[in-house]
There are 2 protein chains.
Amino acid sequence: MNIGQAAKASGLPAKTIRYYEDIGLVPPPARRDSGFRDYGTRDVHLLRFVARARGLGFTVEECRQLLALWQDQDRAAGDVKRLTQERIALIDDKIAQLQGLRASLDHLARSCHGGNRPDCPILEGLAHGEKS
Amino acid sequence: MNIGQAAKASGLPAKTIRYYEDIGLVPPPARRDSGFRDYGTRDVHLLRFVARARGLGFTVEECRQLLALWQDQDRAAGDVKRLTQERIALIDDKIAQLQGLRASLDHLARSCHGGNRPDCPILEGLAHGEKS
DNA sequence: ATGAACCTTCCAGCAACGGGAAGGTCAAGC
DNA sequence: GCTTGACCTTCCCGTTGCTGGAAGGTTCAT
């Protein structure tokens, strides 16, 4: 199957598939005489795996590790679990950080009358360092 | 004051200050005969403003708008409030998205025994498209 | 006068692709 | 057989927001 088909089947844009091949995240597929890439079901499974892992927020480097573990017969499930929990912790940090930002912005927005007059507590806050 | 002093006073790295000047986010400061940049209190105020807005998650382009509004005598507070609320909405989206990811990863992690055996439900989930 | 600690410019690169150019290929329809 | 249009190929540049480093100039204290 051509790259376009593989793209539909995996959910990744063709450009992204080529990119992943480029950086060695996925192995290069077979080629036809014409030079076209020719993907089989195994290739597509791999691509789907990567697409899901990326969709879950794993970085490309983490995907590399996950793929290695996936293909390693002697892998320990603990390694995978650890990677997953590290990612969860990062996500928790990010969420907390965003909630802090949200609170600050909300405070600024609530204090602003929002009318046509030029006095704006948001800009005052930004200018003078109002906290929380 | 030199760029290093301005960096300490504003909380931005010197590299970043030069970068902001480069992209025209902040005006170029005076120069000494030696070629060194020479920052005054107004310059530093501007830099602090930008530092805070960036810290609150405004993009550089949004900072440009905020700075323009800040320096515009005829600005409407409503414009600033609108920008702020748009940013809050974006943050809310991002938080919701991350919470979804977290839930999926947590589900996978909980179903994994985490031991040394190679059977790993996380990899199974990634491979076969388990949802939530 | 020499050394450390600044400063200057420019160049390169990070993640993770996306856009678009210039050209080759395939399948269908006439 | 020939055209047309959809696909494919490689290549290189642009994105966002910086950060690091190289090569060289300045300032200041010793």
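Residue numbering restarts at 1 for every chain, and letters A, B, ... go by the order of the sequence lines.
The shortest distance between side-chain heavy atoms of A:Glu21 and A:Arg37 falls below 4.5 Å. Between B:Leu98 and A:Asp92, the closest side-chain pair of non-hydrogen atoms is not below 4.5 Å. Counting only heavy atoms from C-beta outward, the side chains of A:Tyr39 and A:Leu46 never approach each other to under 4.5 Å.
Residue B:Arg18 is in base contact, counting any heavy-atom pair closer than 4.0 Å across all strands shown.
For the segment residues 1-11 of chain A, no residue has any heavy atom less than 4.0 angstrom from an atom of DNA chain C. Taking a 4.0 Å limit (strictly below) on heavy-atom distances, residues 22-31 of chain A reaches DNA chain D at A:Arg31.
Remark: C1' of C:dA16 and CD of A:Glu21 are 16 Å apart, rounded to the nearest angstrom.
Judged as a side chain to side chain donor-acceptor pair (under 3.5 Å), and not counting sequence neighbours, the contacts of A:Glu86 are A:Arg82. A search for side-chain contact (heavy atoms from CB on, under 4.5 Å) contacts involving B:Leu25 returns B:Tyr20, B:Ile23, B:Val50, B:Val60, B:Cys63, B:Arg64, B:Leu67, not counting sequence neighbours.
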Using a 4.0 Å cut-off on protein heavy atoms (strictly under), produce a 5'-to-3' string for nucleotides 14-30 of chain D with B for base contact, S for backbone-only sugar-phosphate contact, and - for none. ---BBSBB---BSS---
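Taking a cutoff of 4.0 Å between a charged side-chain nitrogen and a carboxylate oxygen, B:Arg31 and B:Asp38 do not qualify as a salt bridge.
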Under 3.5 Å, side-chain donor or acceptor atoms of residues 8-19 of chain A against the rest of the protein: list the pairs with distances, not counting sequence neighbours.
residue, atom, partner, partner atom, Å
A:Ser10, OG, A:Ala6, O, 2.8
A:Ser10, OG, A:Ala7, O, 3.4
A:Ser10, OG, A:Leu12, N, 3.2

Test side-chain contact (heavy atoms from CB on, under 4.5 Å) on B:Phe36 and B:Ile3 and set out the steps. CA-CA 8 Å; B:Phe36 285 21; B:Ile3 198 172; over 6 Å; no
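Dashed line: the shortest gap from a side-chain N or O of B:Arg37 to OP1 or OP2 of C:dT9 is under 4.0 Å.
Residues A:Phe58 and A:Leu83 approach most closely at CE2-O, 4.2 Å, considering heavy atoms.
No donor-acceptor pair under 3.5 Å is formed between the side chain of A:Gln97 and the backbone N or O of A:Lys94.
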